[in-house]
Amino acid sequence: MEEVERTAKSVDEAVNLALADLGVAKEEVDVTVLEEPSKGLFGILGGKPARVKVAIKDTAARRAGNFLKSLFQAMDIPVELQIEEKDRLLNININGQDVGVLIGRRGETLDSLQYLLNLFVNKNQVQRCRVLLDVEGYRRRREETLERLAWKLADKARQRGRNVVLEPMSAQERRIIHTALQNRDDIYTFSEGEEPYRKIVISPKKHG
Amino acid sequence: MKEVVEILAKALVDRPDQVSVNMIEKEKSYLIELKVAPEDMGKVIGKQGRIARAIRMVVKAAATRQRKKVIVEII
């Protein structure tokens with residue numbers, strides 16, 4: 001964790017100096033007052049300045065950001081990170097020129113990276129926080145594709161009156177499909193098989 | 001690539017000082033050997049090798065520009 005100690009005439013002044021040193025905003029730090037300023041005799045003799053310790057808060061967003069930055073540097077992939085943190089959910093979007101390799105086949109690499117990042121961010125933490133990782137809006141596009149696919153296959157299941165089995169998917173992707181089809185009353189969905197080969201089955205409802 | 005394995009492993013274990021990574025160049029591949037403290041083995045392997053698989057996947061992405069395969073072994 002990064003921290004600095006600064007001395008100035010007032011506490012506020014010392015804090016501002018420290019913030020300038022660290023290059024962060026006031027909301028991102030914890031301030032400890034080490035010594036209150038005191039006026040000496042007649043305001044001249046023996047006056048003591050204020051001394052503060054300012055430390056950057058060790059937030060999930062900061063841990064995740066630092067980790068990804070050093071990782072992508074080692075991978076030699078220049079990236080731009082957008083990090084949003086709210087209600088213990090961390091949304092990270094990675095943008096850049098050569099970021100396609102970070103997605104991998106069907107998002108396999110992205111899922112792996114997201115899994116490792118979740119482990120790291122929550123290591124030794126009392127409050128757990130969920131991290132969702134995306135590359136250039138890939139997950140949103142994939143979600144739309146999956147929803148279209150789900151509807152198409154649901155129609156097929158109804159028309160043929162037979163089960164339609166999808167290829168294995170991650171829990172996250174299966175959830176998108178279950179959700180997309182939950183309001184249809186002509187078919188129902190369930191999953192079968194063991195992780196990581198668990199897959200969705202779309203089954204027509206028997207009428208009458 | 002060696003650095004990638006090192007960053008990932010150090011992020012997962014309790015004893016980052018005990019992480020050591022060794023890379024051996026072979027004819028058709030790079031062999032990366034990862035060593036961690038005995039009590040940290042589970043942290044880099046995971047249930048049914050899930051963490052090890054994720055590490056390998058990320059390293060493979062890091063190595064796409066290389067012509068050779070990359071093998072990560074945990075020893």
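A, B, ... follow the sequence lines: proteins, then strands. Residue 1 opens every chain. Since the model is a prediction, treat every value here as computed from it, not as a measurement.
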Hey, what do you get for CG (A:D98) to OG1 (B:T64), rounding to the nearest 0.5 Å?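 That separation rounds to 9.0 Å.
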Working to the nearest 0.5 angstrom, can you tell me the gap between B:E3 CD and A:S70 OG?
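Answer rounded to 0.5 Å: 8.0 Å.
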Around [X], counting heavy atoms of other residues, nucleotides and ligands shown, do more than 12 lie under 6.0 Å from its [atom1]?
{"X": "A:R198", "atom1": "CZ", "answer": "yes"}
{"X": "A:D87", "atom1": "CG", "answer": "no"}
{"X": "B:Q48", "atom1": "CD", "answer": "no"}
{"X": "A:Q182", "atom1": "CD", "answer": "yes"}
{"X": "B:E39", "atom1": "CD", "answer": "yes"}

Pairwise salt bridge (charged side-chain N to carboxylate O under 4.0 Å, His left out) hits with a residue in residues 107-119 of chain A, at least two apart: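 Residue pairs passing salt bridge (charged side-chain N to carboxylate O under 4.0 Å, His left out), neighbours aside: A:R105-A:E108, A:D111-A:R139.
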Worksheet item: Can you list every salt bridge (charged side-chain N to carboxylate O under 4.0 Å, His left out) pair that touches residues 62-83 of chain A, not counting sequence neighbours?
Response: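 Only A:E2-A:R62, A:D58-A:R63 qualify under salt bridge (charged side-chain N to carboxylate O under 4.0 Å, His left out).
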Heavy-atom distance under 4.5 Å to chain A: side chain of B:V5, backbone, both or neither?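 It is neither, since no heavy atom gets under 4.5 Å.
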Given a strict heavy-atom distance threshold of 4.5 Å, which part of B:R50 is in contact with chain A: side chain, backbone, both, or neither?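 Contact with chain A: backbone and side chain both.
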#### Entry: Steps toward side chain to side chain contact (heavy atoms under 4.5 Å, CB included) verdict (B:K43, A:L119)
CA-CA 9 Å; B:K43 294 249 162 70; A:L119 289 175; over 6 Å; no
- Query: A:F67 versus B:L8: any side-chain heavy-atom pair under 4.5 Å?
  - Reply: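 Yes - at least one pair of side-chain heavy atoms lies under 4.5 Å apart.
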Give me the atom names and distance for the closest heavy-atom approach of B:V58 to A:L116.
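For B:V58 versus A:L116, the nearest heavy atoms are CG2-CD1, 4.0 Å.
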Non-hydrogen atoms of A:F120 and B:L12 that approach each other most closely: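 Residues A:F120 and B:L12, closest heavy atoms: N-CD2, 4.5 Å.
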> Is there a donor-acceptor pair under 3.5 Å between the side chain of A:K123 and the backbone N or O of B:V13?
Replying inline: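 Side chain of A:K123 to backbone of B:V13, a donor-acceptor pair under 3.5 Å: yes, one is there.
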